[in-house]
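Below is one structure, written out as C-alpha cells, with a few remarks after it.
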2 protein chains.
Amino acid sequence: MVAKGGKQTLGDDVRARLRADILSGRLLPGCRLKFPVLSAHYDASVSVLREALVRLAEQGLVRSEPHQGFVVTPLSREKLWELTEARIELEALVLRRSVVEGDLSWESRLVAAHHTLERTRYTAEGDDQRVDDDWAAAHAAFHAALLDGCTNRRLLRMALGLRDEAELYRRWSQPLGDEPGRDLAGEHRALLEAALTRDPDAAAAALCAHVRHTTELLLAAADRLDHEQPAPEE
Amino acid sequence: MVAKGGKQTLGDDVRARLRADILSGRLLPGCRLKFPVLSAHYDASVSVLREALVRLAEQGLVRSEPHQGFVVTPLSREKLWELTEARIELEALVLRRSVVEGDLSWESRLVAAHHTLERTRYTAEGDDQRVDDDWAAAHAAFHAALLDGCTNRRLLRMALGLRDEAELYRRWSQPLGDEPGRDLAGEHRALLEAALTRDPDAAAAALCAHVRHTTELLLAAADRLDHEQPAPEE
DNA sequence: CGTCAATAAACTTTCGAAAGTTTGTCGGTG
DNA sequence: CACCGACAAACTTTCGAAAGTTTATTGACG
C-alpha cells in the first residue's frame with residue numbers, strides 16, 4: 001500500500017493538500033467536491049477523502065450537505081463581514097494579551113518576521129496585478145508572530161483559525177490588486193512599533209484598522225467585479 | 001441496511017451519541033476509544049465511527065494520536081484554567097453584543113429559559129450529591145439563551161463550543177457537589193437582570209464572576225479528590 | 001407544448017475485510 | 001536476574017465494493 005508522503009498518515013497528507021488547494025484558489029468557492037474526481041486526483045480512497053473533508057468542514061473551509069456531498073464554502077458579502085467582525089474582536093483580544101505577555105523570544109521572532117516581510121516584494125515578478133506567494137506567506141507569518149505572544153494557546157488557535165478562513169476571501173478578489181494609495185508597509189510598521197513598545201491599546205487599534213481596511217477594499221473590489229459578471233453570491 | 005435513528009445520516013447520529021456519552025461522563029477522560037468495542041456498542045462500522053471521532057477531535061472533545069487511536073481528551077488543571085480564561089474573554093465579548101443587539105424575541109426566550117431553570121430542582125431525586133440531568137440541560141439552555149442575542153453567529157458558535165468543552169470538566173468533580181453556601185440562583189438572577197436592563201458592563205461582570213467562581217470550586221473539589229486517589233493528570 | 005411520473009445514471013454513504021503499525025509476550029543471552 | 005530481539009496478538013488505517021439517495025432523462029398524458 002502507498003505509505004510515503006512525508007506525513008504520518010495518508011489522511012493528514014490529503015487533508016493538507018486539499019487545504020492548500022482551497023486556500024490557493026485552485027479549488028474555487030462553491031465548487032462541488034465529488035469523490036470520484038478527488039479520488040483520482042489525490043490518489044486516495046473514498047474513506048481518507050471523507051476524513052479529510054469532514055475535518056475541513058469542521059473548520060469551516062468546506063460545507064457538507066447530507067447526501068449531497070461536499071462543497072468549497074461559498075463566499076458572500078454578509079459572511080465576509082461577519083468573519084471580519086469576529087476577527088477584529090478576537091484578534092484584538094489576543095493581540096492585547098500577546099503584547100502584555102510576550103517575552104523576549106517573542107519579540108525577537110516578531111522582529112525577524114517583520115524584517116522578512118519588509119524585504120519581500122509585494123507583487124509577483126511577471127504579473128504586477130498578482131500578489132507574490134512568498135509575500136503572502138511572509139504576511140501570514142508576521143501576523144501569526146504578532147499574536148504568538150499570547151500564552152493562552154486556545155485563544156491563539158481560534159484567532160489563527162479565523163485568519164485562515166479569511167485567506168479564502170483574499171484570493172477571491174486578488175486579480176484586482178489593492179488600492180494603489182494604501183500604505184501597507186506603514187500599517188505593518190505601526191503594528192510592530194506598538195507591539196515592541198508594549199502598548200496594547202495602540203496595537204489593538206492598529207490591527208483593527210488594518211483588518212477593517214483590508215475587508216473594505218475587498219468588498220469594493222467585489223462590487224467592481226459585479227459590474228462585469230454576477231458575483232459568487234450565496 | 002440500518003437506516004433509522006431519527007437523524008439524517010448514521011454518522012451524525014453516532015457522533016451525537018458519542019458526544020452525549022462523553023459529556024455525560026459515561027466515557028471518562030483519558031479513556032481509550034477502541035474501534036472493536038465502539039463498533040459493537042454503537043452498532044456501526046469502523047468508517048462511521050472514524051468520521052464521528054474525527055469530528056469530535058476537531059472540536060476538542062477527543063484526541064487523536066496517529067496509529068494509536070482516539071482517546072477522550074484528558075483533563076488537567078492547566079487546561080481547565082486555560083479554557084476558563086478563554087471562556088471568560090469570549091463569553092463576555094459575546095454577551096456584551098447580545099445585550100446590545102438582542103431583540104424582543106431574544107428577551108422573551110431568555111425569560112422563558114430562566115423561568116425553566118428556576119423551577120427545575122438542582123439535585124437529582126435519589127442522590128443529593130448528584131446534579132439533576134434536567135437541571136444541567138436547563139442551565140445550559142439559559143446560558144445559551146443569554147448569548148443568543150448576538151447577531152454574529154460565528155462568534156456565538158465559538159462561545160458555545162467553549163461552553164460545551166467545559167461541560168467535560170463539570171462532570172469531572174460532580175460527585176462532590178457544589179459549595180453549600182453558593183447562591184447559584186442569585187447569580188443567574190443577576191445575569192438575567194443585567195441582560196434585561198441592557199447593561200453590557202454589568203452583564204459581562206456578572207458572567208465573568210459566575211464562570212470564574214465555578215472553576216475555582218471545581219479546582220478545589222479536584223484538590224480534595226487528590227488526597228484520596230491520584231487525579232486524572234496529563 | 002408543458003407537466004408529471006417512472007426509469008436510469010451518478011454520487012454519497014456504509015460496510016467488511018486486507019494491509020500496515022504498534023504493543024505485549026516469550027525465550028535466549030550477557 | 002536484567003536486557004534484548006524475534007514472534008504473536010490487537011488495533012488502526014486504508015481500500016474496494018455493496019447499499020441507499022439524489023439528480024438527470026425519457027416517455028406518456030393533459
Side-chain angles (χ1 to χ4, degrees), chain A residues 1-19 21-22 27-74 234, chain B residues 1-19 21-22 27-74 234:
Chain A
M1 208 171 287
V2 191
K4 56 192 161 204
K7 296 275 147 95
Q8 282 212 290
T9 135
L10 220 179
D12 285 339
D13 187 38
V14 169
R15 178 184 122 279
R17 283 199 281 157
L18 252 168
R19 209 183 97 100
D21 285 346
I22 292 171
L27 291 169
L28 282 85
C31 171
R32 255 195 92 182
L33 299 165
K34 304 182 196 177
F35 285 107
V37 179
L38 297 182
S39 195
H41 190 297
Y42 293 98
D43 192 33
S45 86
V46 184
S47 314
V48 312
L49 284 169
R50 192 154 236 285
E51 169 173 334
L53 288 172
V54 161
R55 282 166 84 171
L56 294 176
E58 213 66 28
Q59 278 189 256
L61 253 70
V62 307
R63 213 163 202 71
S64 154
E65 225 69 48
H67 289 284
Q68 287 171 219
F70 293 82
V71 170
V72 180
T73 302
E234 193 179 359
Chain B
M1 207 172 288
V2 191
K4 56 191 160 203
K7 295 273 146 88
Q8 282 212 291
T9 132
L10 220 179
D12 285 339
D13 187 39
V14 169
R15 178 183 123 280
R17 283 200 282 157
L18 252 168
R19 210 182 95 100
D21 285 345
I22 291 172
L27 292 169
L28 280 85
C31 172
R32 255 196 93 181
L33 300 165
K34 304 182 195 176
F35 285 106
V37 179
L38 297 182
S39 195
H41 190 297
Y42 293 98
D43 191 34
S45 87
V46 184
S47 315
V48 313
L49 284 169
R50 193 153 236 285
E51 169 172 334
L53 288 171
V54 162
R55 282 165 86 171
L56 294 176
E58 213 66 29
Q59 276 189 258
L61 254 70
V62 307
R63 212 162 204 71
S64 153
E65 225 70 50
H67 289 283
Q68 287 172 222
F70 293 82
V71 169
V72 180
T73 302
E234 193 179 2

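Hydrogens, waters and symmetry mates play no part in the numbers below; they use all other heavy atoms, side chains included. Below, chain A is the first sequence line, B the second, and so on; all start at residue 1.
Within the structure, a side-chain polar atom (N or O) of A/Arg32 is placed less than 4.0 Å from OP1 or OP2 of C/dT12. Phosphate proximity of D/dT14 to A/Thr9: present, with a side-chain N or O under 4.0 Å from OP1 or OP2. Side-chain nitrogen and oxygen atoms of A/Gln68 include at least one within less than 4.0 Å of the OP1 or OP2 phosphate oxygen of D/dT23.
Between B/Gln8 atom CD and C/dT14 atom C1' the separation is 16 Å, expressed in whole Å. The NZ atom of A/Lys34 sits 14 Å away from the P atom of C/dT13 (whole-angstrom rounding). Between the C1' atom of D/dT14 and the CG atom of B/Leu53 lies a distance of 16 Å, rounded to the nearest Å. Atom CG in A/Leu49 sits about 13 Å away from atom C1' in D/dG16, given to the nearest Å. Going from atom CG of B/Asp43 over to atom C1' of C/dC15 covers 12 Å, rounded to whole Å. A/Glu51 has its CD atom 11 Å from the P atom of D/dC15, to the nearest Å. For the pair A/Arg15 CZ and D/dT14 P, the computed distance is 13 Å after rounding to whole Å.
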Could you walk me through whether A/Leu33 and A/Leu27 satisfy the side chain to side chain contact (heavy atoms under 4.5 Å, CB included) test, starting with their C-alpha distance in whole Å, then the side-chain angles of each, then the deciding distance to 0.1 Å, before giving a yes or no? CA-CA 9 Å; A/Leu33 299 165; A/Leu27 291 169; 4.1 Å; yes
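Residue A/Leu33 is in sugar-phosphate contact alone, with no base atom involved, counting any heavy-atom pair closer than 4.0 Å across all strands shown.
Every residue two or more places apart in sequence or in another chain that forms a salt bridge (Lys or Arg N to Asp or Glu O under 4.0 Å) with B/Arg55 is listed here: A/Glu58, B/Asp12, B/Glu51. By the side-chain hydrogen bond (donor to acceptor under 3.5 Å, both in side chains) test, B/Arg15 is found to be paired with no residue, residues two or more places apart in sequence or in another chain being considered.
The 5' end of DNA chain D is approached more closely, in terms of each residue's nearest nucleotide, by B/Phe70 than by the other of B/Phe70 and A/Val46. Residue-to-nucleotide proximity on DNA chain D shows that, of A/Pro66 and A/Gly11, the 5′-proximal contact is made by A/Gly11.
The A/Ser45 side chain lies nearest to D/dT14 when the options are D/dT12, D/dT14, C/dT13. Comparing atom distances between the B/His67 side chain and each of C/dT14, D/dT13, D/dT14 picks out D/dT13 as nearest. The A/Ser47 side chain lies nearest to D/dC15 when the options are D/dC15, C/dC11, C/dT14. Of the candidates C/dT13, D/dC15, D/dC11, the closest approach to any side-chain atom of A/Leu10 belongs to D/dC15.
Listed for the A/Ser39 side chain is a donor-acceptor partner under 3.5 Å among the backbone atoms of A/Ala44. Here the side chain of A/Thr73 pairs a donor or acceptor atom with the backbone of A/Gly60 at under 3.5 angstrom.
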